[in-house]
**Student:** 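One structure follows; several queries about it will come next.
The figures here come from the full heavy-atom set of this structure, side chains too, leaving out hydrogens, waters and symmetry mates. Just so we're on the same page: letters track the sequence lines, and every chain starts at 1. Just so it is clear, the structure is predicted and the values come from calculations on it, not from any experiment.
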Protein chains: 2
Amino acid sequence: MAQRPMREVILDEATELFARFGYGGTSLNHIAAGVGIKRPSLLHHFPSKDALYGEVFERMLSDWLERVEATMKSPGRGWERFSAVLVSGFELFCENPSYVRLMRREAIEGGERLGIDLVGVVAPFFEAAVNWLEEEVVAGHFRKVDARQVLVTAYATLLGYVSDAPFLNGLLVDDALAPEMLLARRDHLLDMFRRTLVADPDPSLTSLGA
Amino acid sequence: MAQRPMREVILDEATELFARFGYGGTSLNHIAAGVGIKRPSLLHHFPSKDALYGEVFERMLSDWLERVEATMKSPGRGWERFSAVLVSGFELFCENPSYVRLMRREAIEGGERLGIDLVGVVAPFFEAAVNWLEEEVVAGHFRKVDARQVLVTAYATLLGYVSDAPFLNGLLVDDALAPEMLLARRDHLLDMFRRTLVADPDPSLTSLGA
DNA sequence: ATCTCTACCTACTGGTTGGTAGGTAGGTAT
DNA sequence: ATACCTACCTACCAACCAGTAGGTAGAGAT
């Protein structure tokens, strides 16, 4: 046993429950019971439910932005770089399904609870990606595409598969988050975006696996 | 004033609120106040909160299945038919953003609340679509693609744009559900799926607008 | 005139919510 | 030894929840 600090244990449990049942559907009793303490003891570590939710959300954002910034610095141009970022983002999402579901819930409801401005945090990265894509189009590395549309599609496909995994588990028979399913999903998305972005019709020259 | 029956008015309001705030985040008081009556009067029309949610969900499903069945009977083959169904589905989703958000919430949580088996209802249509796509591949109308992957992507992209519109409103500056934005989105999706499915590289021969 | 039905109401119940008050066991510092 | 801190507890509170009991105003039918 690693004996993690109780604060972290509570944050983990809260993240999981907020992601599964939403803010209104999760009670402090529920969270406290999940980590084996009583509600007042939980409120000893966090001043209120709102504050706990806020910390859960800020931790998720800082976790992600750290990794996203690292990925954005990756070298390469054109498809090579786009696919690398896509794969990295896909892996990031798959490793943190609770984060993805939490994010999706916020996106559905508008995204600014408790003063946390989700759009304000994400927008700079989104705009940077738009600029890069548009430059690559001008440079002739990509077909003439609407950068924003492509990125919204990437967002929807990456988030969608993970956030809706409980539903897709029913449709696709197997465990949607099993490694072989994830690989198949990843390759399909790569193929789709390559066909959308790259003018060169020869897959062997541009695919990741070549 | 059309003087719609109170039952329908309540169902509309409940659909909207359940979609926006989720089941746990919506109280009967909230719904009742929204239609101008008290909670006990609402419980005169529906026996319980669960029953109300159940009716909201069943109405959504029957509304959709009706239109989906009609669309599935559409004539045509290959890309012509695929694009027609895609456009029809996209329009259906855009016209009912509350339904889309409600559906997405269920998908995140697993999809079987109150005995309603969402997967059981959707699966037959999904399998029919898979079969059709695979037959079209064999017939040479489409490239060799993984039918399930393509359909999951269609699901994710169509649902994602509408369900997350409140969030995308912030990212994309304008109103994400405005007519011109919807058209741009639709055309982008058509272009992407055409490039994924159709071997013929000439857009003028296969695009919808040709 | 009375009976019945619908659609609403006020007033209440038992249970749960987020949050507070106050107490205690155990470790640490002086 | 004693003072202090952390991490937990029980007991309580007001507010809110879903749901029930019982009453009323009005419309229609007999």
**Student:** Under 4.0 Å: is that the gap between some side-chain N or O of B/His45 and OP1 or OP2 of C/dC8?
**Tutor:** yes
**Student:** My understanding is that only residues two or more places apart in sequence, or in another chain, count here; which of them pass salt bridge (charged side-chain N to carboxylate O under 4.0 Å, His left out) with B/Arg39?
**Tutor:** none
**Student:** Is A/His44 near enough to D/dC8 that one of its side-chain N or O atoms lies under 4.0 angstrom from OP1 or OP2?
**Tutor:** no
**Student:** Go along nucleotides 11-27 of chain D 5' to 3' and tag each nucleotide: B for a protein heavy atom under 4.0 Å from its base, S when only backbone or sugar atoms are that close, - otherwise.
**Tutor:** B-----SBBB-------
**Student:** B/Ser41 side chain N/O closer than 4.0 Å to the phosphate oxygens (OP1, OP2) of C/dA7?
**Tutor:** no
**Student:** Does B/Glu106 have any side chain to side chain contact (heavy atoms under 4.5 Å, CB included) partners at least two apart in sequence or in another chain, and if so, which?
**Tutor:** B/Tyr53, B/Phe57, B/Arg113, B/Leu118
**Student:** Output the rounded distance in Å from CG (A/Leu42) to C1' (C/dT17).
**Tutor:** 14 Å
**Student:** Return the value, rounded to whole Å, for the distance between atom NZ of A/Lys38 and atom P of C/dG18.
**Tutor:** 15 Å
**Student:** Round to the nearest Å and state the distance from A/Phe46 atom CZ to C/dT20 atom P.
**Tutor:** 16 Å
**Student:** Under 3.5 Å, sequence neighbours excluded: what are the donor-acceptor pairs made by side chains of residues 170-179 of chain A?
**Tutor:**
unit_1   : atom_1 : unit_2   : atom_2 : d
A/Asp175 : OD1    : A/Leu177 : N      : 3.1

**Student:** Does NZ or CZ of B/Lys49 lie under 6.0 Å from the centre of the six-membered ring of B/Phe18, at an angle within 45° of the ring axis?
**Tutor:** no
**Student:** Quick one: salt bridge (charged side-chain N to carboxylate O under 4.0 Å, His left out) partners of A/Arg59, sequence neighbours excluded?
**Tutor:** A/Glu8, A/Asp12
**Student:** Quickly work out the A/Ile31 CD1 to C/dT17 P distance and round it to whole Å.
**Tutor:** 11 Å
**Student:** From CG of A/Leu52 over to P of C/dT17, roughly how many Å is that when rounded to an integer?
**Tutor:** 15 Å
**Student:** With B/Arg101, which residues qualify under salt bridge (charged side-chain N to carboxylate O under 4.0 Å, His left out), at least two apart?
**Tutor:** none
